[in-house]
Student: 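Got a structure here, written out as structure tokens. Questions coming.
Just so you know, these numbers come straight off a predicted model, no measurement behind them.
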Protein chains: 2
Amino acid sequence: MKATGIVVEYNPFHNGHKLHATEARKTTNAQVIIAVMSGNFLQRGEPAFVDKWTRTKMALQNGVDIVFELPYAFATAHAPTFAEGAIKILDAACCDFYCFGSEDGYIQPFENSMALLNNQHTQYEQKIKEAVQHGISYPQAVNAAYKEAVQTDNTNRPFVDLTKPNNILGFHYMQAAEQIHSTMQATTIQRIGASYHDEELSDQRIASATGIRKSYFETHTLHDTQRFLPESVHHLLKAWQGDHSTFGSWKSFYPLLRLTILRDGPKRLAHIADVTEGIENLFYRAAVNHDTFDGFMNTVKSKRYTWTRIQRMLTHIFTGYTYNTRSKINTPTYLRLLGMSQAGRLYLNEQKKNFKLPIVSKVSSFSDSSLDIDIHAANLYALGLGKSEMNLDYKNIPIFLRESQ
Amino acid sequence: MKATGIVVEYNPFHNGHKLHATEARKTTNAQVIIAVMSGNFLQRGEPAFVDKWTRTKMALQNGVDIVFELPYAFATAHAPTFAEGAIKILDAACCDFYCFGSEDGYIQPFENSMALLNNQHTQYEQKIKEAVQHGISYPQAVNAAYKEAVQTDNTNRPFVDLTKPNNILGFHYMQAAEQIHSTMQATTIQRIGASYHDEELSDQRIASATGIRKSYFETHTLHDTQRFLPESVHHLLKAWQGDHSTFGSWKSFYPLLRLTILRDGPKRLAHIADVTEGIENLFYRAAVNHDTFDGFMNTVKSKRYTWTRIQRMLTHIFTGYTYNTRSKINTPTYLRLLGMSQAGRLYLNEQKKNFKLPIVSKVSSFSDSSLDIDIHAANLYALGLGKSEMNLDYKNIPIFLRESQ
């Protein structure tokens, strides 16, 4: 069976995601779509809108055959590490292709850019490093160094625009795949409709996940979001709403986040992963003075730190994820199976002997420090939502969707 | 002006406390009653029923002239350290007497017991140490060693019964005073009515604070407690009830306590003050499995640990108070003024030049690591109650009660 990997967050799953899964299958002529998906905390440093099991259901009901969890250590990291973790998992699961969304949908400009930067690797990295040391944010530093590299080229080849978030991620996937000499073939499809960060809902059937979440948090109803969601997803969100008092967000998690900041104090905060340069003092003062997440963020945001970078620090503060804990995790060590379709199960039976990492269907039978962090993060996420049942990772078995829908 | 010191918690203030203050004044013919009072966390390892400012008001309206806060480091410690902190503060504030409640109200048996144990000091301490090492709880070990010492005496002097909680505390006060060669004179008055731990309310006007809290938490009304409280205290508790959704207790703090236990995990819990011998693993598992404080305590309690000892660990876990933090605090370093009456103010003006420690009326003008912990503990207490205003220690000035009532 031919398999194509995709890297997803589904926060929440919407029509655009469904299109991506369908197109990835078509373009690559795959029998199986394998998604590597962030757990309960996401790449932009936020608690997920709904938990990983619910998002797994959404995926399986809408064109995905296998969902593996991207471990916390990678899911909440900056783009290069996030991409590295995701690609290694897809590679370990013997995918033939991986397919990501991009602005234009052509792979050639990505390959040209890869070649260009491989040629100029040392200067390129040096320039980024210097810019960051001068207080420029990492994404800005990358942009500037890349722009300079492109300008020195005189072959007239098309290069990819690395100011677009989707292109950046795609580019990191390709770099990660190259690094491990993966035999997976890169493909890309054009993203349709709303762009990644668009916050306003349009009159099309495609909206960004950001826009969908924003609409919910502003109106406290799912009504306006319904047209952008597959019906099954809408049902799952309605059911979640019935079971929980709230959807996941920093706004709702803030009272508990605040407790962790105040309890730790600046000294202990300084040990938390990504917390650097005295920002722990700013965090502490802001938590003392503000009882809402918006008030807190208004105080701590600055030119120096992107919103995402700050949120990632907050994620690590919330979960108590220290530099020390992180230093012990270098690479994915397992394939945590969250769910599968009928086709997915067939693929696993056929291919798992070739997998480069062990499949974990039952966490109690696998001992691993990265897995412990995933379980821990899921517990903290549940507490953030005011749920009392802990260790769902032990209790929930992988979701099996018999009929593909 | 003559001053008499008392050691109090007022959790909450009741008729018995009022009697104690009145009797202490009468017996010693004092113009001023100085109370050293625990802050927002108490000696039995619990969050206070109401905060230290409210309890200060109760005290000032009912016969106390000055309230100093017993710093967290002493207020939440076992009896010998608690007593040491309290006595040092009363001594530093130039009290002429200190007066504690006891079962029988005679000071001579305490003095006889002091003399007896001074004679047998080394054997006595050795016996306690050995018993504790054999897994016997500290209070039980003290009891056994003391009983043995008394039996060896053949002078027919009366000794104090050290199985009674009030007597134990009084005895520790006297030991602490002797250790610092205090010139304060010890006095004692008989406790009337309910004994320290009595949980049932009686038809008298005196009930234990434990019984009063229990009645409230069972009935969720202050109605049944009213007869045991001075009217002013009843009013303050009613006002608190209006301002807060709840009174302080582990039951109400448990969701946040649980978060701190789960977030830290066993490894970091092991650094928390008083957490020893692997109990961190038990705490962690119990927090995973239980969403109520009662469920948690039913799992962690055992013969080896008294309820109080476990609660003290939980207090330190909640506030993030580590062995390392504690190691930096050896002795009280300030007199934190929470409130005063007219007479109290006169006394301070007259005597403060003789005080052995600086008075802190305004925390922002005094820098001290023990004071930082008090401020920190007050913040965590407020979060436990679901209150959002932090750093009340900076905002509240000492309460001044112009008219004594």
Student: Out of A/Gly384, A/Ala377, A/Gly320, A/Ala287, which one racks up the most heavy-atom pairs below 4.5 Å with chain B?
Tutor: A/Gly320
Student: Can you tell me which portion of A/Leu383 sits under 4.5 Å from chain B's heavy atoms? Options are side chain, backbone, both or neither.
Tutor: side chain
Student: So which heavy atom on B/Leu262 is nearest to which on A/Met390, and how close?
Tutor: CD1-SD, 3.4 Å
Student: Scan residues 314-324 of chain A for pairs that pass salt bridge (Lys or Arg N to Asp or Glu O under 4.0 Å), counting only residues two or more places apart or in two chains.
Tutor: none
Student: Between chain A and chain B, which donor-acceptor atom pairs come closer than 3.5 Å, counting both backbone and side-chain atoms?
Tutor:
from	atom 1	to	atom 2	distance (Å)
B/Arg258	NH1	A/Ser388	O	3.0
B/Arg258	NH2	A/Ser388	O	2.9
B/Leu262	O	A/His376	ND1	3.4
B/Arg263	NE	A/Ile317	O	2.8
B/Arg263	NE	A/Phe318	O	3.4
B/Arg263	NH1	A/Asp264	OD1	3.1
B/Arg263	NH2	A/Asp264	OD2	2.8
B/Arg263	NH2	A/Ile317	O	2.8
B/Asp264	OD1	A/Arg263	NH1	3.1
B/Asp264	OD2	A/Arg263	NH2	2.8
B/Arg268	NH1	A/Gly320	O	3.3
B/Arg268	NH2	A/Gly320	O	2.5
B/Asp291	OD2	A/Ser388	OG	2.9
B/Ile317	O	A/Arg263	NE	2.8
B/Ile317	O	A/Arg263	NH2	2.7
B/Phe318	O	A/Arg263	NE	3.3
B/Gly320	O	A/Arg268	NH1	3.3
B/Gly320	O	A/Arg268	NH2	2.5
B/His376	ND1	A/Leu262	O	3.4
B/Ser388	O	A/Arg258	NH1	3.0
B/Ser388	O	A/Arg258	NH2	2.9
B/Ser388	OG	A/Asp291	OD2	3.0

Student: Given a strict heavy-atom distance threshold of 4.5 Å, which part of A/Leu380 is in contact with chain B: side chain, backbone, both, or neither?
Tutor: side chain
Student: Using non-hydrogen atoms only, which part of A/Ile317 is less than 4.5 Å away from chain B: side chain, backbone, both, or neither?
Tutor: both
